[in-house]
J.: 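First the structure, then my questions, so here it is.
Side chains are part of it too, since the values below use all heavy atoms of this structure and drop only hydrogens, waters and symmetry mates. Numbered from 1 within each chain, the chains take letters A, B, ... in sequence-line order.
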Number of protein chains: 2
Amino acid sequence: MLGLSQTCGYAILALSCLHECGGGWVLARDIARCTGIPQAYLSKVLHSLARRGLIVAKRGYRGGFALARAPDRISLLDVAEAVEGEQAVPRCLLGLSECSPERACPTHRFWQRERERITAELGRLTLVEVAQFERQDGTWLGSCDPRNSRHVNRRRSARTATVNGRSRHRDGGNRS
Amino acid sequence: MLGLSQTCGYAILALSCLHECGGGWVLARDIARCTGIPQAYLSKVLHSLARRGLIVAKRGYRGGFALARAPDRISLLDVAEAVEGEQAVPRCLLGLSECSPERACPTHRFWQRERERITAELGRLTLVEVAQFERQDGTWLGSCDPRNSRHVNRRRSARTATVNGRSRHRDGGNRS
DNA sequence: TATTTTCTTGACAGGCTGGTCATGATAAGA
DNA sequence: TCTTATCATGACCAGCCTGTCAAGAAAATA
């Protein structure tokens with residue numbers, strides 16, 4: 001099947017959800033309800049995004065997740081590589097391990113071009129474009145706003161933890 | 001991972017190998033040796049290609065496999081759909097089940113265009129183009145000629161069973 | 001310090017993909 | 001009819017992806 005994994009789709013939905021909240025800690029539970037992703041699985045996806053430094057996590061009372069950097073600096077390619085590893089867009093369309101310019105598969109040249117187009121587009125699309133898309137069309141899948149949830153942290157706490165605006169960038173690093 | 005399955009790559013290698021033999025029954029064992037595909041697994045791949053009518057199989061002494069129709073009428077898209085089902089190039093890049101024009105994911109429009117390009121190219125590329133590619137570059141992975149193998153059927157038997165030139169088209173149908 | 005809240009993480013399960021092995025079915029020829 | 005060559009197919013396995021569950025660790029607060 002020629003496509004990214006479902007987990008990658010989940011990751012983009014979750015990040016977009018965090019972006020929509022405009023900074024502040026958002027509970028995994030609320031992201032799950034907002035996006036429809038199974039919560040237990042979402043926890044693992046979020047964890048892998050945190051490990052790759054795309055988001056930061058805070059445990060305990062009034063904890064949650066937040067973007068680790070500005071939304072225009074998180075591309076869909078970043079997400080794909082965080083979730084699926086470096087080879088999210090593989091070199092050989094046919095999945096042949098020893099396909100190279102010297103020893104190529106028949107789709108090699110075509111896929112080389114196409115791969116560049118796809119990689120470039122995934123690199124260009126950031127969470128900002130995703131949000132714009134949503135506003136323009138109103139068709140985005142995860143359009144429920146987690147801030148309207150009864151479980152979400154109060155707005156004032158969202159101001160305290162200004163994650164996007166830099167200030168706690170280095171927090172993402174010191175994890176075991 | 002954004003790519004077709006390895007099995008699909010196997011299928012294209014195997015079909016190309018059959019085409020290179022220019023008609024006549026080729027043993028699964030020889031295709032396996034020529035392409036490097038594990039023989040037991042190749043058997044299953046060939047079987048699924050036979051079920052979809054891309055090749056014909058003959059059991060018993062001097063049996064083997066042969067293309068069921070002319071090589072320029074077997075596209076890579078045919079192969080992908082035979083092996084991976086109709087949705088070889090899925091509608092949603094992110095694998096989201098409910099992604100549609102009314103309720104879209106952020107990559108929807110981009111992927112719609114890209115999907116058409118890829119599908120068209122896979123539909124255009126047939127076994128003939130694959131063979132041309134091989135001749136031009138000499139880089140094709142499965143370039144060992146199974147006819148040079150000590151196990152292959154004698155050339156005279158290859159003339160007997162002219163599969164490509166029509167004549168036994170209907171054989172593919174009557175299987176339980 | 002005890003409690004509550006929340007993320008973390010390991011165990012596990014089901015389905016799919018890639019792969020192996022053994023047995024059965026069938027075709028040709030002696 | 002017997003033998004041999006060959007494909008067909010079911011059982012099985014390992015690894016990955018998706019998903020669930022539960023116990024553990026950490027942070028805030030009373």
Side-chain angles (χ1 to χ4, degrees), chain A residues 1 3-11 14 18 25-32 36-51 55-66 83-85 87-88 94-97 151-154 157 160-161 171-172 174-176, chain B residues 1 3-11 13-14 18 25-32 36-51 55-66 83-85 87-88 94-97 151-154 157 160-161 168 171-172 174-176:
Chain A
M1 242 260 281
L4 296 169
S5 69
Q6 192 182 2
T7 304
C8 181
Y10 284 175
L18 283 179
W25 303 105
V26 184
L27 302 187
R29 186 203 312 147
D30 291 320
I31 301 175
I37 305 168
Q39 186 185 337
Y41 191 57
L42 175 65
S43 280
K44 307 216 153 172
V45 177
L46 290 171
H47 181 58
S48 75
L49 291 176
R51 234 182 317 152
I55 62 177
V56 284
K58 198 173 94 155
R59 296 211 265 199
Y61 189 74
R62 295 208 172 157
F65 295 90
V83 165
E84 311 204 348
Q87 284 278 325
L94 306 181
L96 302 174
S97 51
H151 289 103
V152 80
N153 292 339
R154 264 65 67 222
S157 78
T160 336
D171 271 34
N174 55 4
R175 44 190 53 260
S176 61
Chain B
M1 243 260 281
L4 295 170
S5 68
Q6 192 181 4
T7 304
C8 181
Y10 284 174
L13 247 53
L18 284 179
W25 303 106
V26 184
L27 302 188
R29 187 203 312 148
D30 291 321
I31 301 175
I37 305 168
Q39 185 185 337
Y41 191 58
L42 175 65
S43 280
K44 305 212 154 172
V45 178
L46 289 171
H47 182 58
S48 75
L49 291 176
R51 234 182 317 151
I55 61 177
V56 284
K58 197 172 95 155
R59 296 211 263 198
Y61 189 73
R62 296 208 170 155
F65 295 90
V83 165
E84 311 204 347
Q87 284 279 324
L94 305 181
L96 302 174
S97 51
H151 287 103
V152 80
N153 292 341
R154 264 63 66 221
S157 78
T160 336
R168 61 171 32 250
D171 272 34
N174 54 4
R175 44 188 54 262
S176 60

J.: Please check if the side chain of B:Glu84 supplies one atom and the backbone of B:Cys8 the other of a donor-acceptor pair under 3.5 Å.
T.: no
J.: Could you tell me how far apart B:Arg29 (CZ) and D:dA8 (P) are, to the nearest whole angstrom?
T.: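 Result: 15 Å.
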J.: Let me know, please, whether B:Leu46 or A:Tyr41 comes out on the 5' side of the other along DNA chain D by nearest nucleotide.
T.: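 Its nucleotide being nearer the 5' end, the pick is B:Leu46.
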J.: Does a side-chain N or O from B:His47 land closer than 4.0 Å to OP1 or OP2 of D:dC7, or not?
T.: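 Indeed not, no polar side-chain atom of B:His47 lies that close.
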J.: Just how far, in rounded Å, is P of C:dT5 from CZ of A:Phe65?
T.: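 Computing the A:Phe65:CZ to C:dT5:P distance gives 18 Å.
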J.: Considering every strand and a 4.0 Å limit on heavy-atom distances, what is the contact class for B:Ala40: base, sugar-phosphate, or nothing?
T.: base
J.: What integer distance in Å separates A:Leu94:CG from C:dG18:P?
T.: 12 Å
J.: Round to a whole Å and report the spacing from CD1 of A:Ile55 to P of C:dC7.
T.: 10 Å
J.: Is any side-chain heavy atom of A:Phe65 closer than 4.5 Å to a side-chain heavy atom of A:Val56?
T.: no
J.: Would you indicate whether the side-chain heavy atoms of B:Tyr10 and B:Pro38 approach each other to under 4.5 Å?
T.: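 Side-chain contact under 4.5 Å: yes.
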J.: Please state how far atom CG in A:Asp30 lies from atom C1' in C:dC7, giving the value in whole angstrom units.
T.: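 My rounded result for the distance is 14 Å.
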J.: Taking the side chain as every heavy atom from C-beta outward, state whether A:Ile31 and A:Leu42 have any pair of such atoms under 4.5 Å apart.
T.: yes
J.: Taking the side chain of A:Leu27 as heavy atoms from C-beta outward, which of C:dA28, C:dT6, D:dG19 is closest to it?
T.: C:dT6
J.: Please report, rounded to the nearest Å, how far the C1' atom of D:dT18 is from the CG atom of A:Leu42.
T.: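 Computing the A:Leu42:CG to D:dT18:C1' distance gives 13 Å.
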J.: Starting the side chain at C-beta, find the nucleotide from D:dT18, D:dT20, D:dA26 nearest to A:Arg59.
T.: D:dA26
J.: Could you say whether B:Gln39 or A:Ile37 is positioned toward the 5' end of DNA chain D, judged by the nucleotide with the nearest heavy atom to each?
T.: B:Gln39
J.: Please determine if a side-chain N or O atom of B:Arg62 lies less than 4.0 Å away from the OP1 or OP2 oxygen of C:dA27.
T.: no
J.: How close or far is atom C1' of D:dT9 from atom CZ of B:Arg51, stated in whole angstroms?
T.: 11 Å
J.: Examine C:dG29: is either OP1 or OP2 under 4.0 Å from a nitrogen or oxygen in the side chain of B:Tyr61? Give yes or no.
T.: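 Answer is no, no contact under 4.0 Å.
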J.: What nucleotide, of D:dC7, D:dG19, C:dG19, holds the atom closest to the side chain of B:Tyr10?
T.: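 Taking heavy atoms from C-beta onward, the closest nucleotide is C:dG19.
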J.: Whole angstroms only, please: what is the CG-P distance between A:Leu18 and C:dC7?
T.: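 Taking atom P of C:dC7 as the reference, CG of A:Leu18 is at 11 Å.
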J.: Decide whether B:Tyr41 and B:Thr7 meet the rule of one side-chain donor and one side-chain acceptor closer than 3.5 Å.
T.: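 Yes.
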J.: Of the options C:dG18, D:dT18, C:dC7, whose atoms approach the side-chain atoms of B:Ser5 most closely?
T.: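 Among C:dG18, D:dT18, C:dC7, the one nearest the side chain of B:Ser5 is C:dG18.
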J.: Does any donor-acceptor pair link the side chain of B:Lys44 with the base of C:dT20 at a separation under 3.5 Å?
T.: yes
